[in-house]
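Shown next, in structure tokens, is the structure this report addresses.
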Amino acid sequence: MTTLKEFLKTDRFATCTGVELLEIKPGYARARMEVTDRHLNGGGVCQGGALFTLADLAFAAVANSRKKLTLSVNANITFLRPAKLGYVYADATEVFNHHRIPFVEVKITDEQGELIAIFTSSGYRKESDLPVDTLE
Ligand SMILES: CC(C)(COP(=O)(O)OP(=O)(O)OC[C@H]1O[C@@H](n2cnc3c(N)ncnc32)[C@H](O)[C@@H]1OP(=O)(O)O)[C@@H](O)C(=O)NCCC(=O)NCCSC(=O)Cc1ccccc1
């Protein structure tokens, strides 16, 4: 039996950056990443691309939670506060479950629950079923 969580572990770049999927339900997913020295930019805060990667995997989990292959066709991120060393969490919600063009919002927060960034993305949902039996 294959789960969506296992399917998304094949995203090796996200795995290399330390992104872990914690929860996937229909229309909702949560992921986390530990910000370590290797994630810091020259300004001493978490690099924006690392936060984007965290949000992108959370997007992939929620957008594919309907078990149809869904890819991102556009994405935007707004950085509100710097992320420091420690865990950051991504809560992804499928705001609009359109059968073809779903819309997803991902909120990134730190260990104190402070909002770090907001990512939004539209997906393109293909007809093809994902080769997964369950979500987790
Ligand atoms: C999948 C699809 C969006 C659609 O494929 P197909 O069904 O084969 O159909 P086709 O390509 O023929 O397109 C149909 C029509 O739509 C048009 N069109 C397309 N895009 C746009 C646009 N932005 N804006 C406007 N129009 C657009 C296109 O020109 C065409 O128009 P036409 O009918 O000729 O007039 C494909 O274009 C693609 O791969 N794009 C790149 C996506 C990508 O690499 N994303 C990033 C990585 S995924 C990720 O991050 C998360 C993740 C991780 C792991 C697992 C899952 C998720």
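Just so you know, ligand 1 is whichever comes first in the structure, and atom 1 is the first atom listed for that ligand.
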Counting only non-hydrogen atoms of the protein, does one fall under 4.0 Å from atom 29 (O) of ligand 1?
-> no

With a 4.0 Å cut-off, strictly under, does atom 36 (C) of ligand 1 pick up any protein heavy atom?
-> no

Would atom 33 (O) of ligand 1 count as contacted, meaning some protein heavy atom under 4.0 Å?
-> no

Out of Phe103, Phe79, Phe52, which residue meets the ring-ring contact (aromatic ring centres under 6.0 Å, His included) rule with Phe119?
-> Phe52

Right, does atom 43 (C) of ligand 1 have protein non-hydrogen atoms nearer than 4.0 Å?
-> yes

Return the residue, atom name and 0.1 Å-rounded distance of the protein heavy atom closest to atom 41 (C) of ligand 1.
-> Ser72 O, 4.6 Å

Work out which heavy atom in Thr70 is nearest to a heavy atom in Pro102; give both atom names and the distance.
-> CG2-CG, 3.9 Å

CA sep, side-chain torsions, deciding dist, call: Glu20, Lys5, salt bridge (Lys or Arg N to Asp or Glu O under 4.0 Å) = CA-CA 9 Å; Glu20 299 166 79; Lys5 230 182 210 176; over 6 Å; no

Identify the two heavy atoms, one from Pro82 and one from Val45, that lie closest to each other, and give their separation to 0.1 Å.
-> CB-CG1, 3.5 Å

What is the closest protein heavy atom to atom 7 (O) of ligand 1, and at what distance does it sit?
-> Lys126 NZ, 3.3 Å

Heavy-atom closest pair (Ile116 atom, Ala83 atom, distance to 0.1 Å) is CG2-CB, 4.0 Å

Shortest non-hydrogen pair, His39 vs Ala50, comes out as CD2-CB, 4.1 Å

of all protein heavy atoms, closest to atom 38 (C) of ligand 1 is Leu71 CD2, 5.0 Å

Check each of Val132, Asp133, Asp129 against Lys67 using the side chain to side chain contact (heavy atoms under 4.5 Å, CB included) test, and report the only one that passes.
-> Val132

Which atoms of ligand 1 have any heavy atom of Tyr124 under 4.0 Å away?
-> 3 (C), 4 (C), 7 (O), 14 (C)

Looking at atom 5 (O) of ligand 1, would you say a protein heavy atom lies below 4.0 Å from it?
-> yes

Considering non-hydrogen atoms only, spot the tightest contact between Pro26 and Arg66 and give its length.
-> CB-NH1, 3.6 Å

Count the heavy atoms of every other residue, nucleotide or ligand shown that sit under 6.0 Å from CZ of Arg12, and state whether that count exceeds 12.
-> no

Among protein heavy atoms, which sits nearest to atom 23 (N) of ligand 1, and what does the distance come to when rounded to 0.1 Å?
-> Val73 O, 3.2 Å

Quick note on ligand 1: atoms under 4.0 Å from a heavy atom of Ala60 include exactly 51 (C), 52 (C), 53 (C), 57 (C)

Will you find, in the side chains of Ser121 and Ser72, an N or O donor that is under 3.5 Å from an N or O acceptor?
-> yes

Any idea which part of Thr70 is under 4.0 Å from ligand 1, heavy-atom wise: side chain, backbone, both or neither?
-> backbone

Any heavy atom of Asp56 sitting closer than 4.0 Å to ligand 1?
-> yes

Return yes when at least one protein heavy atom is under 4.0 Å from atom 48 (S) of ligand 1, and no when none is.
-> yes

Counting only non-hydrogen atoms of the protein, does one fall under 4.0 Å from atom 56 (C) of ligand 1?
-> yes

How about atom 52 (C) of ligand 1: does it have a protein heavy atom within less than 4.0 Å?
-> yes

Only one of Leu51, Ile108, Leu54, Thr36 passes side chain to side chain contact (heavy atoms under 4.5 Å, CB included) with Cys46; say which it is.
-> Leu51

If we only count N/O pairs under 3.5 Å, is Asp11 in contact with ligand 1?
-> no

Can you list the ligand 1 atoms lying under 4.0 Å from a non-hydrogen atom of Asn64?
-> 56 (C), 57 (C)

